[in-house]
Novice: 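After the structure tokens below, expect a handful of questions from me.
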Amino acid sequence: MIDLHVHTTSSDGTLTADEVVALAGAIGLRAIAVTDHDTVAGVCEAKQAGERIGLEVVSGVEISAQSDRGILHVLGYFVQPDHPELIETLDSLRQGREERTPKILTKLRGLRVAVSLEEVNEEAAGGVPGRPHIARVLKRKNYVGTLQEAFDRYLKRGAAAYVQKRKLQPDEALRIIRAAGGIPVMAHPYSLLGRGASALEALIKRLIPLGLLGIEAYYPKHTPEQTELFLELARKHGLLISGGTDFHGANKPDIELGVIPGHSPLPYSLLERLKEAREQEKEILELFAN
Ligand code: AMP
Ligand code: ZN
Ligand code: FE
Ligand code: FE
């Protein structure tokens with residue numbers, strides 16, 4: 001009934017906020033969270049569309065942070081889309097992306113692969129440019145057969161045209177989300193399992209004092225054992241539990257909105273717990289303000 005991890009054309013999804021909301025309504029979801037990379041630009045449109053059809057839209061964002069243990073993506077639920085410091089931080093992250101794209105294209109040219117900035121921007125269609133947009137151009141121009149091949153041959157970390165983008169430190173990502181009234185949740189923790197479960201647990205223990213409040217235990221790529229592990233870590237460390245598909249439309253063709261094999265429909269109660277936590281947060285903030 002809910003999907004708390006959804007991308008739109010404001011970042012690297014292929015459906016607009018309106019289209020995602022319409023799809024969510026059509027498949028009978030009750031709520032979605034719009035969690036674009038480094039932007040809240042799709043949130044307002046999605047909320048308005050949601051109101052028209054009676055679908056709850058949670059304001060969200062997904063911020064990448066630099067971690068020594070792999071990719072740390074932090075979801076921020078309920079962030080205020082007009083929070084000045086959040087907007088400033090996201091602007092500077094997008095600036096970093098914009099500086100990265102030409103560097104990737106230069107590396108590609110060195111490999112005799114011709115992709116222009118115009119082609120990438122066209123693919124991003126006003127959204128935040130990212131590697132998936134470059135991958136789509138590579139596929140369209142037949143340099144690769146699939147989007148995955150584009151990542152494996154050129155774009156993934158360690159590949160020939162990889163360029164790192166500026167990332168926040170974990171404490172900065174968590175702090176800005178909390179400052180903007182959001183609940184920070186560790187996204188798709190399987191991507192942090194590279195050094196094993198105890199390393200992930202150590203990371204979680206380090207992030208909780210910095211403001212982490214939840215973990216995305218339900219995710220299409222998690223094996224049943226992994227899901228169990230993440231639920232256990234949540235219980236042990238008092239973290240909230242979230243779940244979502246990371247829907248990107250045609251940029252992740254194997255992912256369907258609202259579908260987490262073995263666990264969907266996800267119960268609305270997960271979102272209720274998150275909302276309760278946000279209310280508590282607000283009360284605490286107000287106490288400090290007075
Ligand atoms: P960017 O934000 O530009 O670094 O691109 C991140 C997006 O690229 C992620 O949301 C994924 O959808 C996709 N991505 C990253 N790494 C890979 C990979 N190794 N294979 C396929 N897709 C990837
Ligand atoms: Zn993405
Ligand atoms: Fe992510
Ligand atoms: Fe995502």
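Read the numbers this way: they start at 1 and go in the same order the structure lists the ligands and their atoms. Computed from a prediction, not measured in an experiment: that's the story for all the values here.
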Novice: For His5 and His7, take the angle between the two ring planes, folded into 0 to 90°, and tell me which bin it lands in: parallel under 30, tilted 30 to 60, perpendicular over 60.
Specialist: tilted
Novice: Below 4.0 angstrom, N of the basic side chain to O of the carboxylate: do Arg52 and Asp18 qualify?
Specialist: yes
Novice: What pairs with Phe230 under ring-ring contact (aromatic ring centres under 6.0 Å, His included), at least two apart in sequence or on another chain?
Specialist: His222
Novice: Look at Arg175 together with Glu172 and state whether they make a salt bridge at an N to O cut-off of under 4.0 Å.
Specialist: no
Novice: Between Glu281 and Arg278, does at least one N-O distance fall below 4.0 Å, as a salt bridge requires?
Specialist: no
Novice: By residue and atom, what protein N/O/S atoms are less than 2.8 Å from the Fe ion (ligand 4)?
Specialist: His5 NE2, His7 NE2, Glu62 OE1, Asp246 OD1
Novice: Any carboxylate oxygen within less than 4.0 angstrom of a Lys/Arg side-chain nitrogen, looking at Arg235 and Glu228?
Specialist: yes
Novice: Going by chain and residue number, what protein N/O/S atoms come nearer than 2.8 Å to the Zn ion (ligand 2)?
Specialist: Asp12 OD1, Asp12 OD2, His37 NE2, His248 NE2
Novice: Could you check whether the rings of His73 and His37 sit parallel, tilted or perpendicular, using 30° and 60° as the cut-offs?
Specialist: perpendicular
Novice: Nearest heavy-atom pair of Arg195 and Ala199: which atoms, and what distance?
Specialist: O-CB, 3.5 Å
Novice: Would you mind listing every salt bridge (charged side-chain N to carboxylate O under 4.0 Å, His left out) that reaches into residues 124-142, with sequence neighbours excluded?
Specialist: Glu119-Lys141, Glu123-Arg136, Glu123-Arg140
